[in-house]
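As structure tokens, the structure follows; a few thoughts come after it.
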Amino acid sequence: MDGHATPRLAVLASGRGSNLQAILDAIADGRLDARVAGVFGDRPGAVALQRARDAGIPARGLRPRDFAGRREHDAALFAAVDGVEPDFVVCAGYMRLLGAEVLEPWQGRIINIHPSLLPDFKGLDTHARALEAGVAAHGASVHFVTADLDGGPVIAQARVPVLAGDDPDTLAARVLEVEHPLLVATLELLCARRIGLRDGGIELDGKPLAAPLQLASKRLEA
Ligand code: GRF
């Protein structure tokens with residue numbers, strides 16, 4: 001694409017799709033110059049896919065059990081992704097691991113939102129584990145996806161306090177509230193091609209980023 005075309009996004013989602021909705025709302029409001037070209041997932045009945053269809057966006061769920069193995073499922077999923085010719089792929093609550101083979105061609109063009117302050121609490125049940133560990137702050141991270149689970153370079157984070165009396169649900173709700181502006185703000189940078197992956201690290205405006213950007217009042221700061 002040339003530098004002025006509106007970037008096309010493919011979104012991968014497994015569940016309720018509130019992060020997808022945040023992207024769609026930001027585009028509709030003119031806050032994000034992008035277009036969601038397709039939404040894909042591993043659960044055909046996922047609310048996220050329905051949200052896409054409601055917005056007139058092609059959506060497809062491919063059930064893992066219909067494939068011989070993870071590689072075959074990954075390959076079919078990414079064939080569908082390629083079909084909508086995206087510039088970037090956004091994992092927004094896609095709850096399966098992606099193999100190195102399908103990720104390779106997307107290096108630097110595929111991001112994920114994870115509900116913890118990475119590198120803490122990779123994997124599942126992050127809110128319960130944060131409470132168990134007794135941390136004072138928790139949050140969400142957006143990172144470039146590599147084959148290392150939740151281990152790719154972190155672009156941006158948003159922090160929330162852990163409050164007395166929190167349970168995993170109250171903490172998850174507080175984190176989700178910052179996930180949406182965090183993902184949209186990160187996508188603004190990515191779609192404007194201001195942020196990229198270089199030599200395994202993050203570059204912002206052509207300069208190495210020493211630490212993840214931090215969300216403050218819905219904006220990202222160094
Ligand atoms: C979010 O907490 C996201 O960070 C995590 O899964 C959840 C998805 O929520 N990976 P939604 O489907 O976007 O509402």
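Computed from a predicted structure; not experimentally measured. Residue numbers run from 1 in the order of the sequence given. When a ligand or atom number is given, it counts from 1 through the structure's own listing order.
Counting protein heavy atoms only, atom 10 (N) of ligand 1 is closest to Ile113 O, 3.5 Å. Arg16 NH2, 4.1 Å is the protein heavy atom nearest to atom 7 (C) of ligand 1. Closest to atom 5 (C) of ligand 1, if we only count protein heavy atoms, is Pro115 CD, 3.8 Å.
Between Glu179 and ligand 1, at least one N/O pair is under 3.5 Å apart. Of the polar atoms of Gly17, at least one N or O is found under 3.5 Å from an N or O of ligand 1, judged by distance alone.
When each atom of ligand 1 is checked for a heavy atom of Asn19 under 4.0 Å away, the hits are 1 (C), 9 (O), 11 (P), 13 (O), 14 (O). Atoms of ligand 1 found under 4.0 Å from any heavy atom of Gly93, numbered from 1 in the order shown, are 6 (O), 8 (C), 10 (N). In summary, the atoms of ligand 1 found under 4.0 Å from a heavy atom of Ser18, numbered by their order in the structure, are 11 (P), 12 (O), 13 (O), 14 (O).
Under a 4.0 Å N-O distance rule, the pair Arg71/Glu101 qualifies as a salt bridge.
Atom CD of Glu203 is separated from atom CG of Leu209 by 10.0 Å, given to the nearest 0.5 angstrom.
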Donor-acceptor pairs under 3.5 angstrom involving side-chain atoms of residues 73-82: please list them, not counting sequence neighbours.
{"unit_1": "His73", "atom_1": "NE2", "unit_2": "Leu62", "atom_2": "O", "d": "2.7"}
{"unit_1": "Asp74", "atom_1": "OD2", "unit_2": "Gly99", "atom_2": "N", "d": "2.8"}

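No donor-acceptor pair closer than 3.5 Å links the side chain of Arg174 to the backbone N or O of Asp169.
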Salt bridge (Lys or Arg N to Asp or Glu O under 4.0 Å), that's the test. Do Asp205 and Arg194 meet it? Break it down for me.
CA-CA 5 Å; Asp205 296 331; Arg194 294 184 54 198; 2.7 Å; yes
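Residues Leu163 and Leu171 form no side-chain contact, since every pair of their non-hydrogen atoms from C-beta on lies 4.5 Å or further apart.
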